[in-house]
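Following: one structure in C-alpha cells, then a few remarks.
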Amino acid sequence: MRHNLFILLLLAAFHSSSLALPSDAQQPINIESDRAERYEKTGTTIYEGAVVITQGTIKIHADKVTVYTANNQVVRIVCVGKPARYQQQPNPNDNMMYAKGDTIEYHLASDRIDLLKNASVEQNGTVITGEKINYDLKAEVVKASSGDNPRQRIQMVIPPNKQKDAN
C-alpha cells in the first residue's frame, strides 16, 4: 500500500499543467534503475545507476535520483548526472524542450526547476546556457546566471527567423 501511495505522489510531482501536455499526467510513470532504497523514517527514496524516468513526453536520465517526501507528499526531486537530462513537449504544437545540468532540482511547493552547474535549456533552436538556470513553472519565467564564477557568463543563441520568400 505504501509503495502505491509513493508512486501516486511521484505521479503528482511530475505533473504541471503549465509545463506538460495534459495527456502526460494521464500516463503511468515508469522508473528504471540499477538500485532503489526507500528510507521510511526520512521519507526519502534514492534511485541509482542509469536512472530513466518516463511519463508521457517527459523523460529524465540521471545517474542518481532522490525523491524527498513530507507528510506523504513529494516536496523535492533531485536528479544528479554528468549531466542529468530532462525532456518534455510543453504543448501539443510545441517542439520538444531539452534541459540538462549536473544537478536538476524540482521544488514542488514553489513549482520551480533549478538546473545547476553546466546548465542549458533548448527549444525551437533557442539555447540558453549558464552555471545556474531557474525555471518558474507558474510564471513561465526563465532566469539564468553565471553562479558564483565571475569568469563564467551566460550565453543565449537565438536562431535566425525563417521567413518564407515573398516571391
Side-chain angles (χ1 to χ4, degrees), residues 9-27 29-31 33 44-47 50-70 73-164:
L9 293 172
L10 190 59
L11 174 66
F14 282 102
H15 173 65
S16 172
S17 60
S18 65
L19 184 65
L21 283 175
S23 61
D24 282 350
Q26 305 305 315
Q27 302 298 317
I29 292 176
N30 296 298
I31 303 171
S33 67
T44 305
T45 304
I46 300 170
Y47 299 92
V51 182
V52 178
I53 301 172
T54 57
Q55 182 188 22
T57 67
I58 299 168
K59 185 176 272 189
I60 298 170
H61 291 268
D63 297 326
K64 179 179 179 180
V65 174
T66 306
V67 179
Y68 299 90
T69 60
Q73 299 222 6
V74 176
V75 293
R76 185 168 60 122
I77 300 169
V78 178
C79 307
V80 177
K82 289 290 181 187
R85 298 177 184 275
Y86 175 94
Q87 72 179 47
Q88 182 174 25
Q89 184 177 7
N91 296 299
N93 298 325
D94 289 344
N95 290 328
M96 200 66 81
M97 184 269 298
Y98 300 95
K100 65 182 179 179
D102 289 355
T103 302
I104 300 173
E105 294 185 3
Y106 182 18
H107 303 270
L108 279 75
S110 58
D111 217 6
R112 184 183 84 235
I113 294 176
D114 295 332
L115 306 166
L116 308 170
K117 194 147 175 85
N118 301 311
S120 70
V121 175
E122 187 268 324
Q123 187 176 23
N124 298 325
T126 299
V127 180
I128 186 165
T129 60
E131 280 299 293
K132 185 176 184 179
I133 298 174
N134 304 104
Y135 184 34
D136 181 327
L137 301 172
K138 287 180 187 171
E140 296 186 31
V141 173
V142 176
K143 294 180 182 179
S145 71
S146 59
D148 296 332
N149 184 348
R151 287 184 241 137
Q152 177 74 31
R153 295 174 50 91
I154 65 156
Q155 293 185 4
M156 185 164 195
V157 177
I158 303 170
N161 193 359
K162 296 179 182 179
Q163 294 183 359
K164 294 184 179 180

(Q) In the structure I gave you, are the side-chain heavy atoms of V65 and I77 within less than 4.5 Å of one another anywhere? (A) yes

Q) By salt bridge (charged side-chain N to carboxylate O under 4.0 Å, His left out), which residues pair with D63, not counting sequence neighbours? A) none

**Q.** For Y98 against Q87, the heavy-atom pair lying closest together
**A.** CE2-OE1, 3.4 Å

Q: Could you check N118 against K100 for side chain to side chain contact (heavy atoms under 4.5 Å, CB included), going step by step and ending with a plain yes or no?
A: CA-CA 8 Å; N118 301 311; K100 65 182 179 179; over 6 Å; no

(Q) Using only atom types and a distance under 3.5 Å, with no angle test, would you say the side chain of Q123 pairs donor to acceptor with the backbone of N95? (A) yes

Q: For A84, check side chain to side chain contact (heavy atoms under 4.5 Å, CB included) against everything at least two apart and list the hits.
A: A62, C79, I104

Q | Identified side-chain contact (heavy atoms from CB on, under 4.5 Å) partner of I133 from the options V142, I113, L116, D114 | A | V142

(Q) Under a 3.5 Å threshold, yes or no: a donor from one side chain and an acceptor from the other, between H61 and R85? (A) no

Q) Which heavy atom of M96 sits nearest a heavy atom of Q89, and at what distance? A) SD-N, 3.3 Å

Q. Any side-chain heavy atom of I53 sitting closer than 4.5 Å to one from Q55?
A. no

Q: Decide yes or no for K64 and I46: does some side-chain heavy atom of the first lie under 4.5 Å from some side-chain heavy atom of the second?
A: yes

Q. How far does CD of E131 sit from OG of S146, to the nearest 0.5 angstrom?
A. 8.0 Å

Q: Check whether any side-chain heavy atom of Y68 sits under 4.5 Å from a side-chain heavy atom of V78, and report yes or no.
A: yes

Q. Just wondering, do I31 and Y47 contact through their side chains at under 4.5 Å, heavy atoms?
A. yes

Q | Gap separating the NZ atom of K132 from the OG1 atom of T103, nearest 0.5 angstrom | A | 11.5 Å

(Q) Tell me the closest heavy-atom pair linking A144 and I128, and the distance in Å. (A) CB-CD1, 3.6 Å

Q: Show your working on side chain to side chain contact (heavy atoms under 4.5 Å, CB included) between D102 and K82 and close with a plain yes or no.
A: CA-CA 5 Å; D102 289 355; K82 289 290 181 187; 3.7 Å; yes

